Amino acid sequence: MSTQNIAIHLPDGSVREVPVGTTPFQIANDISPRLASASVVARLTPVHAAATEKATGAGESEAAMYAAEDAAASRLVDLSTPLKEDTKLELIRENDPDALKVVRHSAAHVLATAVLELFPETKLGHGPATENGFFYDFYREKPFTPEDIAAIEKKMTDVVARDEKFVREYEPREQALAEFEKDGDFMKTHFVTKFTEPGSQVAFYRNGNFVDFCRGPHVPSTGRVKAVKVMNTSGAYWLGNEKNPQLQRIYGTAFFSQKDLDAYLALLEDAKRRDHRRLGKELELFTVNEDVGAGLPLWLPKGATIRRLLEDYIVDLERKLGYEHVYTPDLAKVDLYIRSGHWAHYHEDMFPPMDLETEQMVLRPMNCPHHILIYESRLRSYRELPVRIAELGTMYRYERSGALSGLSRVRCMTLNDAHIFCSPDQIKEEFSGVMKLVERAYRDLGITKYSYRLSLRDPANKEKYVDNDAMWELGERVLREAMDSLGLKYREARGEAAFYGPKLDIQLADVMGHEETYSTIQVDFHLPNQFKLEYTAADGTRQRPVMIHRGVISTMERMTSYLIELYAGAFPLWLAPVQIGLVPIAERHLDYAKKVEAELKAAGFRVETDARNEKMNAKIRDLANQKIPYILVFGDKEESNAAVSVRTRGKGDQGSMPLTDFIAKAKSQVETKSTEL
Ligand SMILES: [Zn+2]
Ligand SMILES: [Zn+2]
């Protein structure tokens, strides 16, 4: 019989007829040998199915590593995989994010190879790629010492230099299991049992003498792991159970070039330098005390100053824009949250209820129900709409203790919250108004790295979303129109909406480029129904308002943690807890110091004088360590000229100037919220 041909669809739209069994590498080589050697893996997508999901070459969980593939989705395969049917083929090169995952998982094999060569008694767990690298779990009675780790890292370089091919092999499952059991490979026995079918052939990857149970894919050879580094180690119980043996997890990262690895390590250093937990301690901004409890930070005076500035800033702005600020209690009866639906949808994230006489009370997880009760405290007319009820609302969430971190993940938080009650035809204008406020606030805070995500429902998922097609279509349409007419760029995310309506998420990137949602604006058709909210329309009929939930500058906790890291503790003048430090050169200048301090305070500045009997340079250094924007130094000459010698943070000694000139300059920087000094 003659060989059968299959059709390979390439990204440029061309189709190649090749014999069954041709590999992606051969196809690449046919196009150009340079393409073949630049490729890392191949992405296959069935011709007749839409490519919806991204392939998970090597996910973080064990399930993602071994689970059977979705037949309709794209998948990554080795360049040496024989192709058996018509398919779309993409050759993945080093610049593709999926390629990075594949090289990192391959680096995990390199790590395991090195460990077994040096410590043959070690038993293997699994070694997936992670967001920033990879890890491998090992079982060995003796812990790896720092010297062991150094030897492992050195041995990894050898394995890379040997440029061993990664070869996919198969073995009948029962035979593989028998071998693993005989060798006491309890973790491999578990993975094979759990993730493969009885009677099947099990895939292994071999490089040199090292063989690992693995679904792949891999880079063509160990030599493609061009830059690899062991980062740290940690202990974990096998399957998370403390009765099981303790494993040693070795973390590493890998890149296609030393340059990329160096850039990543520099970024890590920068992130460490900016870490708000470290700076929060050093700059005396906040503290966490075990006697209060985890996730319940105490704001120290300097951190509290920053928070108060943020609160005043946003409240002033909102009041000018027609928001009415209210105060409501931090707790309510459980019944209120049963009515709002939070109890059903959210109670696992709430603190447990308290029994109080005949009632059950609970700390609020959100402020919406309280604001709804303010709206319905009297009958509203269409003339009053929109009603914008705002509050710096304190809420409580039961975050798991493992997730808590500094100010960024806490159990008690105060949100710059507001709920806008409006008629359906006001949604667009109100939403636009909120967006303008967001843009303004981010500009004032000096935040530039953010993006907008329009989160829509998945219309196929009837269970997850409130069933009201007309409302969803209206909500999604006006949000799009509003964003477009404001000229704001956004990306759409299907299936990311809240269960009650579409929302716009404001995604902030941290130093490492990791994005998180800080603020959201949500259109809600559901709660007004739950609470049967009404207003009197122009024709006298009773109509139902729509609710917009919005937070602009997030919670005070998260925004402060973000700003600490954004500025590495060196806040712009308007936000700095201490704006100006005073250094009288000798004791005889203390009277002048008092005068300068009084004048600066009268002009509205936050000032600290170092009146200690210390050397001038020591005083300057101590104030500079607090990252104070301006340090003013003065002696006889300055005193006789009503002047100060100005040291600007990051710029050093700027020479002497009249105090009045300095005040005028600093005042204008505060007024314009300048991020420059
Ligand atoms: Zn593997
Ligand atoms: Zn709300």
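Order of appearance sets the numbers: ligands from 1, and atoms from 1 within every ligand. These figures come from a predicted structure and were not determined experimentally. This chain uses plain numbering: 1 for the first residue, then up along the sequence.
Cation-pi contact between R380 and F421: absent, since separation from the ring centre below 6.0 Å together with deviation from the ring axis within 45° is not met.
Taking the six-membered ring for Trp and the full ring otherwise, the centers of F134 and Y136 sit at least 6.0 Å from each other. The aromatic ring centres of W238 and Y139 sit 6.0 Å or more apart.
Annotation: side chain to side chain donor-acceptor pair (under 3.5 Å) contacts of E516 (sequence neighbours excluded): R409, R558.
Protein N/O/S atoms found under 2.8 Å from the Zn ion (ligand 2): C368 SG, H419 NE2, H549 ND1.
Angle subtended at the Zn ion (ligand 1) by H109 NE2 and C214 SG: 130°, rounded to 10 degrees.
Side-chain N/O atoms of Q543 and S423 include no donor and acceptor closer than 3.5 Å.
The residues R397 and E557 are annotated as not salt-bridged, no charged nitrogen and carboxylate oxygen being separated by less than 4.0 angstrom.
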